[in-house]
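The structure appears below as structure tokens.
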Amino acid sequence: MAVEKTNGDQFPTGMRVLAVDDDPTSLLVLETLLRRCEYHVTTTSQAVMALKMLRDNKNKFDLVICDVHMPDIGGFKLLELVGLEMDLPVILLSGNGDPKLVMKGITHGACDYLLKPVRIEELKNIWQHVVRRKKICPKDRNNSDNQDKPHHGGGEGAGTGNSDQNGKLNKRRKDQNEDEDEERDENENENEDQSSQKKPRVVWSVDLHQKFVAAVNHLGIDKAGPKEILDLMNVEKLTRENVASHLQA
DNA sequence: CGATGAATAT
DNA sequence: TATATTCATC
């Protein structure tokens with residue numbers, strides 16, 4: 001009697017995935033989809049918790065999938081730390097397909113960048129990242145590369161960007177410029193800051209806003225201009241344009 | 001030439 | 001969304 005077993009050696013089944021999303025609904029949806037793929041799913045709504053779990057049992061997960069926007073620590077920070085401390089594939093999620101964000105995610109080491117709403121078809125493929133990561137490391141096999149990208153026929157028109165980090169990417173542009181130094185090099189900054197925000201954006205705290213209002217009132221609503229407001233506020237590092245900008249809001 | 005406010009970009 | 005930056009005008 002031939003008892004056909006459902007592929008006992010199929011790896012993806014039971015793959016341990018850690019899903020992180022601050023939005024409970026999204027998280028639930030994600031969890032459901034992942035479970036349908038027969039993965040072993042663990043969920044958290046906080047990135048810090050995810051980090052803790054990952055640090056606690058370094059070998060208990062095969063892959064991390066997390067949202068980019070999160071209150072405690074940004075998805076990028078989590079991605080960075082995970083990539084640094086442990087060697088796990090990380091998949092990023094976000095609601096908008098802003099190419100800049102996608103680019104940032106990929107260059108920061110994400111294995112993939114999925115857009116919400118995530119389709120189960122996409123999740124069915126993510127195990128490939130785990131396999132690749134594991135196989136590349138042990139041996140340096142320079143055999144034929146597997147670069148097939150199965151497209152499942154759905155019939156929908158919307159396309160999703162997919163990228164893969166393989167080996168090292170290095171791009172350096174050498175440009176001989178004339179005597180004109182106006183070169184700005186993008187600098188990666190690693191900071192234990194709450195989101196990956198390294199540009200001291202002026203934050204209009206309540207206090208600052210009060211000063212602003214006070215200054216405007218002092219001058220008279222219709223007579224107040226950015227320059228005088230700025231002067232009356234006497235706040236260092238605050239530019240007239242900051243005030244002007246705030247004036248619009 | 002610089003301040004200003006609106007439009008536009010990130 | 002909030003704030004920055006650019007732009008046309010005064």
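So that the names make sense, note that chain A is the first sequence line, chain B the second, and so on, each numbered from 1.
Taking atom CE of residue A/M103 and atom P of nucleotide B/dT10, one finds them 15 Å apart after rounding to whole Å. A straight line from CZ of A/R201 to C1' of C/dT3 spans 4 Å, rounded to a whole angstrom.
Side-chain atoms of A/R35 come within 3.5 Å of backbone N or O of A/V41 as a donor-acceptor pair. Using modelled atom types, one side-chain atom of A/R16 and one backbone atom of A/N59 make a donor-acceptor pair closer than 3.5 Å. With A/S94 contributing its side chain and A/N96 its backbone, the two residues share a donor-acceptor pair below 3.5 Å.
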Worked check of side chain to side chain contact (heavy atoms under 4.5 Å, CB included) between A/V118 and A/L93: CA-CA 8 Å; A/V118 177; A/L93 252 63; 4.1 Å; yes
From CA spacing to verdict: side chain to side chain donor-acceptor pair (under 3.5 Å), A/N242, A/S245: CA-CA 5 Å; A/N242 288 135; A/S245 188; over 6 Å; no
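Between A/P89 and A/D62 the shortest heavy-atom distance is CD-O, 3.2 Å. In terms of heavy-atom proximity, A/H129 sits nearest to A/C111 at CE1-O, 3.6 Å.
In this structure, A/N242 reaches the C/dA4 phosphate: one of its side-chain N or O atoms is under 4.0 Å from OP1 or OP2.
A side-chain contact (heavy atoms from CB on, under 4.5 Å) with A/I91 is found for exactly one of A/V64, A/L79, A/L63, namely A/L63.
Sorted by residue number, the members of residues 203-220 of chain A with any non-hydrogen atom under 4.0 Å from DNA chain C read A/V203, A/W204.
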Distances under 3.5 Å between protein N/O atoms and the N/O atoms of nucleotides 3-5 of chain B, please, pair by pair.
residue: B/dT4; atom: OP2; partner: A/K227; partner atom: N; Å: 3.2

